[in-house]
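Letters A, B, ... are given to chains in the order of the sequence lines, protein chains preceding strands, and every chain is numbered from 1. Below, each value reflects all heavy atoms present in this structure, side chains not excepted, and no hydrogens, waters or symmetry copies.
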Protein chains: 2
Amino acid sequence: MEAITRIEQALAAAIEVVIVPGCPRRLAEAVRHAVFPGGARVRPRLCLAVAAACGQPESPAAMAAAVAIELLHCASLVHDDLPCFDDSPLRRGLPSVHRAFGEPLAVLAGDALIILAFEHLARALADQPKLMAPMLLTISRSVGLPVGITAGQAWECEPQVRVEDYHRAKTGSLFTAATAAGALAVGADVAAWGLVGDKIGAAYQVADDLRDVAASAQELGKPVGRDALLNRPSAAGELGVDGAIARLRSLVIEAIEAIPDCPGRAQFAEVLKAEAQRILPKELAQRAGTWI
Amino acid sequence: MEAITRIEQALAAAIEVVIVPGCPRRLAEAVRHAVFPGGARVRPRLCLAVAAACGQPESPAAMAAAVAIELLHCASLVHDDLPCFDDSPLRRGLPSVHRAFGEPLAVLAGDALIILAFEHLARALADQPKLMAPMLLTISRSVGLPVGITAGQAWECEPQVRVEDYHRAKTGSLFTAATAAGALAVGADVAAWGLVGDKIGAAYQVADDLRDVAASAQELGKPVGRDALLNRPSAAGELGVDGAIARLRSLVIEAIEAIPDCPGRAQFAEVLKAEAQRILPKELAQRAGTWI
């Protein structure tokens with residue numbers, strides 16, 4: 001079965017454990033809306049890809065981590081979309097959770113998803129007790145204080161911020177957790193794989209900045225993207241479009257070079273290259289040429 | 001050392017582990033503001049009291065659970081105070097987190113505290129791996145779906161609600177977790193102790209309803225009469241003040257009768273009686289007479 005199908009099934013199963021009779025109906029709907037339909041499920045796919053590269057494509061511990069990481073990612077999107085942050089009306093082409101269910105249920109759905117992520121880890125790793133603490137800490141570090149995505153989002157509330165700290169915490173940390181957790185699940189080198197995730201996370205952030213500029217360029221009367229509007233640090237704003245594409249290229253190459261020795265090293269490198277093509281905005285693909 | 005002093009120190013230590021250089025300064029301040037100065041720390045005291053009643057007043061696992069439960073309680077207060085819920089300007093006599101730091105940092109501080117609660121459990125129970133899954137599940141159940149405090153708060157967004165479901169999830173669940181976790185930490189009967197917590201939680205809810213009607217704004221540190229204002233189910237509204245006092249009395253008696261056999265049974269009963277006196281609003285104490 002394709003990894004993406006297994007991920008969708010595992011996410012659905014994790015949610016259905018807690019959405020049972022007795023659960024407030026609208027909160028249950030808001031939670032489902034936050035998770036399905038999903039995006040590209042990049043982080044859980046990455047986690048499973050690491051386990052597969054190390055020879056354990058079916059690792060249950062890697063799947064437990066993948067599910068927890070995706071639930072935390074979904075929670076962060078719900079809260080980031082709130083009126084007090086991005087006030088985003090849409091997410092993945094549908095109304096954002098607060099637009100569909102109201103702000104109270106959006107706050108609660110995010111909270112419930114954070115809790116469910118850790119609860120799921122406890123349930124799924126109950127038969128591997130020694131893995132529980134390191135796995136939980138690997139994942140909690142990527143979302144909490146001082147350098148997880150919660151901290152990353154909070155840099156927007158500081159008078160001064162180092163762009164690198166902001167991006168690494170807000171975007172990079174869950175990618176780092178995805179590769180580190182995949183490695184941890186199968187007994188591979190956590191630090192070495194974490195570094196790969198760090199590079200990939202940085203690459204995604206640059207691609208995201210590029211998408212923000214490329215998308216807004218198409219919109220009439222809106223010369224700048226949301227990042228610029230919100231005065232957020234952006235690689236595209238800082239380096240220009242061509243500079244950002246060059247930065248994306250070198251990050252992907254660095255990620256590939258950082259892949260530790262493992263049975264699936266070559267295949268993992270191919271996955272990264274394909275992913276790099278996928279995340280580059282179509283409008284910029286021609287400009288980039290055969291860029292990698 | 002008094003339990004309350006040990007709790008304050010353990011909470012401070014848990015927070016300082018993650019508030020380190022590199023953490024966004026204002027989020028760090030918001031998190032501290034959410035936890036200090038605290039209220040009566042009822043839930044962690046209860047958790048430690050169960051461990052003490054079972055002969056282990058210094059149980060590190062009970063303290064780990066007590067800290068996690070209080071962090072989750074503080075998180076729920078921060079989010080409940082948000083403009084989209086209670087829009088409370090005050091908490092414990094000081095500006096609520098969103099009033100002091102703005103709404104974005106209040107959302108993030110709540111998120112960070114939820115994450116920290118589970119992270120703390122992982123760290124503090126790392127040397128007792130077999131306890132980790134059951135402890136994590138005991139606590140996550142009390143805050144998540146389908147019947148934890150997140151669900152409890154969500155009942156306010158449903159067109160219809162059973163008062164009992166609402167109160168049990170919104171208030172009772174963390175009390176149940178406090179006694180159950182205390183019992184779990186020392187190998188005592190989790191279900192039996194959970195029932196004691198269930199009764200105590202119900203008693204606190206009634207006392208809270210009474211305070212809402214009776215107390216002055218100064219004494220409570222938050223606006224009064226909000227339940228009626230927000231059209232929330234309330235024992236005082238339903239049973240009248242005298243009826244609610246009678247209900248409080250019988251719940252405390254039921255809690256005392258439910259205490260399992262243990263070395264500190266009598267002392268635990270005294271603690272409950274004293275606590276029942278403490279939580280009854282002063283204005284009503286005379287009306288209640290020697291009520292228990």
Mind ranking [options] by heavy-atom pairs under 4.5 Å with chain A and telling me who comes out on top?
options: Val147(B), Leu131(B), Leu105(B); value: Leu105(B)
options: Pro129(B), Ala151(B), Ala154(B), Pro104(B); value: Pro104(B)
options: Leu116(B), Thr150(B), Leu125(B), Leu137(B); value: Thr150(B)
options: Val18(B), Val17(B), Leu82(B); value: Val18(B)

For the pair [X] (side chain) and [Y] (backbone), establish whether a donor and an acceptor sit closer than 3.5 Å, ignoring hydrogens and angles.
X: Asp86(B); Y: Ser88(B); value: no
X: Ser142(A); Y: Ile139(A); value: yes
X: His33(A); Y: Pro95(A); value: yes

Holding to salt bridge (Lys or Arg N to Asp or Glu O under 4.0 Å), I want the full list of residues that pass it with Glu158(A), two or more places apart in sequence or in another chain.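 Partners of Glu158(A) by the salt bridge (Lys or Arg N to Asp or Glu O under 4.0 Å) criterion come out as none, since no residue qualifies.
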
What pairs with Arg26(A) under salt bridge (Lys or Arg N to Asp or Glu O under 4.0 Å), at least two apart in sequence or on another chain?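 Once residues adjacent in sequence are excluded, Arg26(A) has no partner under the salt bridge (Lys or Arg N to Asp or Glu O under 4.0 Å) criterion.
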
Could you walk me through whether Lys170(A) and Glu156(A) pass the salt bridge (charged side-chain N to carboxylate O under 4.0 Å, His left out) check? CA-CA 10 Å; Lys170(A) 187 171 174 182; Glu156(A) 292 180 14; 3.0 Å; yes

Could you walk me through whether Glu29(B) and Val97(B) satisfy the side-chain contact (heavy atoms from CB on, under 4.5 Å) test, starting with their C-alpha distance in whole Å, then the side-chain angles of each, then the deciding distance to 0.1 Å, before giving a yes or no? CA-CA 10 Å; Glu29(B) 284 171 15; Val97(B) 175; over 6 Å; no

Top residue by heavy-atom pair count (under 4.5 Å) with chain B, among [options]?
options: Val31(A), Asp111(A), Ile149(A); result: Asp111(A)
options: Ala169(A), Ala112(A), Pro159(A), Cys157(A); result: Cys157(A)
options: Pro24(A), Ser140(A), Ala133(A); result: Pro24(A)

So if I take each residue of residues 61-68 of chain A and look for any heavy atom under 4.5 Å from a heavy atom in chain B, which residues do I end up with?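 Within residues 61-68 of chain A, no residue comes under 4.5 Å from chain B.
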
Under 4.5 Å from any heavy atom of chain B - which part of Leu27(A):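 Contact with chain B is through both the backbone and side chain of Leu27(A).
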
Sort Leu121(A) into side chain, backbone, both or neither according to what part of it lies under 4.5 angstrom from a heavy atom of chain B.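 Leu121(A) has no heavy atom closer than 4.5 Å to chain B.
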
Is there side-chain contact between [X] and [Y], with at least one heavy-atom pair below 4.5 Å?
X: Asp208(B); Y: Thr171(B); result: no
X: Glu70(A); Y: Ile7(A); result: no
X: Phe118(A); Y: Glu119(B); result: no
X: Asp209(A); Y: His167(A); result: yes
X: Asp198(A); Y: Phe175(A); result: no

If you apply the rule ring pair (Phe, Tyr, Trp, His ring centres under 6.0 Å), what do you find for Phe85(B) with His79(B), and how did you get there? CA-CA 8 Å; Phe85(B) 292 110; His79(B) 282 185; 8.0 Å; no

Heavy atoms under 4.5 Å from chain A: which residues of residues 71-78 of chain B carry them?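 Against chain A, none of the residues of residues 71-78 of chain B fall inside the cut-off of heavy atoms under 4.5 Å.
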
Rounded distance [0.5 Å steps], CE in Met132(A) versus CE in Met135(B):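 Output value for this atom pair is 12.5 Å.
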
